[in-house]
Asks: 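The structure's right below; bear with me while I get my questions together.
Counting from 1, the numbers follow the sequence of the chain as shown. Order of appearance sets the numbers: ligands from 1, and atoms from 1 within every ligand. Note that these values count all heavy atoms, side chains included, but never hydrogens, waters or copies made by symmetry.
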Amino acid sequence: MIEFAADTGLKPGDSHRYLQQRKKMIKEQIISRGVRSSRVLKAIESVPRHRFVDEGSEGNAYDDTPLPIGESQTISQPFIVAYMTAALDLRGGEKVLEVGTGSGYQAAVLAELVNEVYSIEINENLIIEVALRLKKMGIGNIDLRFGDGYQGWQEEAPFDCIVVTAAPDHIPPSLVEQLRVGGRMVIPVGDSEQELVLVTKRQDGTYHRESRIPVRFVPMLRQTERNN
Ligand code: SAH
């Protein structure tokens, strides 16, 4: 904890204060809305969310809201991260892909729960920042890649679970393909109105689709759109 304080320029008491804020956030925003998985709650308690938000927003890191992370992108509301993570029902041995690294926060929560996390981000500036942040924090089990996550990460497939944190208007076929049979994917789907969908891959390669809750994510971009 002292190293952490030294590393961020915070006084040692600050890390304790943030831990108290995290505990309060878990109780009031997450457990109260029905996420009860003790493994997920413990992972969220372990990850210092204030280190993933924009400089100057640390004081709001535990608020019940999404926050800016630069490049016009946002870190999701804490409850949504908890909900999506819980939907994957991770046991520890899974290989997980995240599409939309953003600040790296969701990836860091996943990295508390499983050994292997792969995260792909289309914005080069964000991915460079995340690589530095994770290194500084000593988180070593997240592989990052700069690219269009609509295509997935073919070389590392199949994945046991996939979490998508930018919204396409349909389920990307390559992501279903790269999901192991029996594997789960949680993904926001839609344009202005989006729903969080839980996809389970069947033996025959098709998938079961279950709509969960209404959500609002930034749209999933495609590589060609960024090159315009
Ligand atoms: N999971 C992030 C929040 C994601 S915000 C966190 O915990 O902070 C959505 C992110 O998806 C943005 O950073 C955006 O640049 C990225 N994104 C949008 N389209 C993408 C695509 N096709 N492939 C990969 N990343 C994409």
Asks: Pairs under 3.5 angstrom only: tabulate donor-acceptor contacts from the side chains of residues 186-195 to other protein residues two or more places apart or in another chain.
Replies:
unit_1: Gln194; atom_1: OE1; unit_2: Phe217; atom_2: N; d: 2.7
unit_1: Gln194; atom_1: NE2; unit_2: Asp191; atom_2: O; d: 3.2
unit_1: Gln194; atom_1: NE2; unit_2: Phe217; atom_2: O; d: 2.9
unit_1: Glu195; atom_1: OE1; unit_2: Ser211; atom_2: OG; d: 3.4
unit_1: Glu195; atom_1: OE2; unit_2: Arg209; atom_2: NH2; d: 3.3
unit_1: Glu195; atom_1: OE2; unit_2: Ser211; atom_2: OG; d: 2.9

Asks: CZ of Arg216: more than 12 outside heavy atoms within 6.0 angstrom?
Replies: no
Asks: Under the side chain to side chain donor-acceptor pair (under 3.5 Å) rule, what pairs show up with a residue in residues 87-112, not counting sequence neighbours?
Replies: Thr85-Gln106, Asp89-Arg91, Lys95-Glu156, Glu98-Ser119, Thr101-Ser119
Asks: Does a donor on one side chain and an acceptor on the other come within less than 3.5 Å for Tyr62 and Arg22?
Replies: yes
Asks: Name each N or O atom in ligand 1 that is under 3.5 Å from a protein N or O, and give the partner atom and the distance.
Replies:
unit_1: ligand 1; atom_1: 1 (N); unit_2: Glu98; atom_2: OE2; d: 2.9
unit_1: ligand 1; atom_1: 1 (N); unit_2: Gly100; atom_2: O; d: 3.0
unit_1: ligand 1; atom_1: 1 (N); unit_2: Thr165; atom_2: OG1; d: 3.0
unit_1: ligand 1; atom_1: 7 (O); unit_2: Gln106; atom_2: N; d: 3.0
unit_1: ligand 1; atom_1: 8 (O); unit_2: Ser103; atom_2: N; d: 3.0
unit_1: ligand 1; atom_1: 8 (O); unit_2: Ser103; atom_2: OG; d: 2.6
unit_1: ligand 1; atom_1: 13 (O); unit_2: Glu121; atom_2: OE1; d: 2.7
unit_1: ligand 1; atom_1: 13 (O); unit_2: Glu121; atom_2: OE2; d: 3.3
unit_1: ligand 1; atom_1: 15 (O); unit_2: Glu121; atom_2: OE2; d: 2.5
unit_1: ligand 1; atom_1: 19 (N); unit_2: Leu221; atom_2: N; d: 2.9
unit_1: ligand 1; atom_1: 22 (N); unit_2: Asp148; atom_2: OD1; d: 2.8
unit_1: ligand 1; atom_1: 22 (N); unit_2: Leu221; atom_2: O; d: 2.6
unit_1: ligand 1; atom_1: 23 (N); unit_2: Gly149; atom_2: N; d: 2.7
unit_1: ligand 1; atom_1: 25 (N); unit_2: Ile122; atom_2: N; d: 3.2

Asks: Side-chain donor-acceptor pair under 3.5 Å between Tyr18 and Gln20, yes or no?
Replies: no
Asks: Can you list every pair that meets side chain to side chain donor-acceptor pair (under 3.5 Å) and has a residue in residues 159-182, with sequence neighbours left out?
Replies: Tyr150-His170, Gln154-Gln178, Asp160-Arg180
